[in-house]
Protein chains: 2
Amino acid sequence: MPMPRPALAETDISAQLREAIARGQFSPNERLVEAELAERYSVNRAHIRTALAVLDREGLVVRLPHRGAHVRAISDTEAIEIAETRLAIEAMVARQATLRGDAKGRASLRQIEKDMRRAVTQSDAALYSQCNAALHRELQRMAGNATADRILNTLKSHLVRLQYRVILLPGRPRASLAEHAAIVKAVCTGDADAAERAMRKHLTSFARLLKQAIEATRMGGF
Amino acid sequence: MPMPRPALAETDISAQLREAIARGQFSPNERLVEAELAERYSVNRAHIRTALAVLDREGLVVRLPHRGAHVRAISDTEAIEIAETRLAIEAMVARQATLRGDAKGRASLRQIEKDMRRAVTQSDAALYSQCNAALHRELQRMAGNATADRILNTLKSHLVRLQYRVILLPGRPRASLAEHAAIVKAVCTGDADAAERAMRKHLTSFARLLKQAIEATRMGGF
DNA sequence: CCGCGCCAGATTGTCAACAATTTGGTCAAC
DNA sequence: GTTGACCAAATTGTTGACAATCTGGCGCGG
């Protein structure tokens with residue numbers, strides 16, 4: 001039986017912190033005091049320091065010499081930037097998934113689409129969100145592009161804080177479903193161009209709505 | 001007068017190591033012993049450790065528990081993967097540079113193109129390579145997409161070890177020049193679609209040649 | 001009342017010592 | 001000759017202590 005792989009403590013802490021920040025357990029601009037984090041995660045301060053350096057490089061936190069680290073508040077324009085960059089990569093992933101994907105992957109996609117449909121008819125936002133993630137994940141797996149995986153992983157950790165704003169927009173799930181269906185269809189019929197186009201369309205509309213949501217928030221004084 | 005910003009030692013060491021690995025000062029699979037690096041860069045072992053963690057996350061090195069770090073040897077398929085991912089992002093950057101670039105940037109591009117032409121007529125490979133980097137850098141600046149910048153920076157650090165193979169191909173500079181000229185023209189005339197297409201074409205041919213160069217190397221032994 | 005310098009506490013940056021683990025080699029037994 | 005246990009050196013993993021620096025508040029002088 002192959003041991004569940006060791007994984008360095010530092011790597012682990014980076015992942016935990018990344019997740020925590022992405023989930024909003026630390027608010028933007030919140031100070032991240034090394035000693036506190038060390039205690040909270042029951043590790044040495046050195047590990048926290050290392051994790052912060054990694055997250056700094058990823059853009060999730062900012063560190064100023066002798067002034068410590070804080071959660072980086074991504075600006076509105078930057079959020080859009082990130083969404084656009086994600087779009088560029090996921091469009092490529094959709095293409096590669098079409099070209100390199102296996103039958104099992106295509107079957108998975110179709111199943112996920114079904115679940116999505118159910119989520120929409122039942123107005124189950126949580127289920128929909130879950131299916132959404134599953135679909136994108138399956139496409140990444142089919143594409144088998146580890147580089148793209150890593151980048152998307154990082155980009156999404158920036159976006160999760162924001163996407164709930166979009167998902168909750170009235171009528172969004174229904175529109176999103178149609179877009180997803182188009183992607184699944186293209187991938188399953190082996191039309192790589194169409195798959196890329198469909199994904200591009202999907203994420204373009206996501207980016208547009210994100211932009212609107214941001215504007216609205218700014219106006220409405222949150 | 002704004003101080004040239006402090007920059008943490010750790011961040012600095014990460015950058016130095018990244019550069020060194022990218023330049024091939026450490027060969028693939030070479031062991032990276034913390035104590036040795038600490039001495040070479042005149043810093044504490046803790047700094048090296050942190051830097052290695054960052055580079056691990058970036059995919060430049062691999063670390064195994066209790067067995068240390070070594071330069072990650074990127075496989076052939078992965079090199080192509082990286083080139084394709086780069087393509088996806090730079091195509092977007094070209095588009096954004098067209099839409100958001102300023103007149104000064106466009107003037108720069110035209111100047112760089114001139115220098116490139118000179119490099120080709122003089123068969124000055126070093127100059128050409130320099131112009132090539134300058135052109136892509138200027139496009140990134142014009143696009144003003146910090147997220148894309150960071151990602152491209154990382155991706156390129158993986159590719160530099162390989163690109164000399166492509167640049168040295170007979171006739172490559174001349175073909176590359178035409179592709180670059182098309183990009184500059186599209187960006188300067190404000191045709192974003194054309195700019196994206198031109199960049200895509202340019203990097204597609206780069207990826208194709210990289211693939212060929214890799215195949216050739218594999219055949220030719222060594 | 002306001003500004004300024006200065007001090008104490010909090011926090012980060014640096015470092016060296018120590019513990020834990022792997023690796024490669026040696027030697028004995030078969 | 002080969003196998004395997006075992007030991008020593010090298011290396012990584014962990015931890016605590018100490019130095020350097022920032023922050024906020026206090027009191028002094030204007």
* Would you indicate, yes or no, if dT14(C) has its OP1 or OP2 atom less than 4.0 angstrom from a side-chain nitrogen or oxygen of H47(B)? => yes
* Please give, in whole Å, the distance from dC15(C) P to R49(A) CZ? -> 11 Å
* Any side-chain donor paired with an acceptor under 3.5 Å for S157(A) and R23(A)? -> no
* Asked: Given dT11(D), dG13(D), dT12(C), which nucleotide is nearest the side-chain atoms of R31(B)?
  -> dT11(D)
* Asked: What is the bend of the helix from dC1(C)-dG30(D) to dC30(C)-dG1(D) when you compare the axis at one end with the axis at the other, using five pairs each and rounding to 10°?
  -> 0°
* To do: Compute whether any side-chain donor of one residue and acceptor of the other, for T154(A) and R57(B), lie under 3.5 angstrom apart.
  => yes
* To do: State which residues pass side-chain contact (heavy atoms from CB on, under 4.5 Å) with A107(A); sequence neighbours excluded, sorted by chain then number.
  => none
* Asked: For R67(A) and dT12(C), is the shortest distance between a side-chain N/O and OP1 or OP2 below 4.0 Å?
  -> no
* To do: Give one of base, sugar-phosphate or nothing for L32(B), where a contact means two heavy atoms less than 4.0 Å apart.
  => sugar-phosphate
* Does E138(A) pair with R141(A) as a salt bridge, N-O distance under 4.0 Å? -> yes
* Reckon R45(A) has a side-chain N or O less than 4.0 Å from the OP1 or OP2 of dG16(D)? -> no
* T147(B) and E81(A), any side-chain heavy atoms less than 4.5 Å apart -> yes
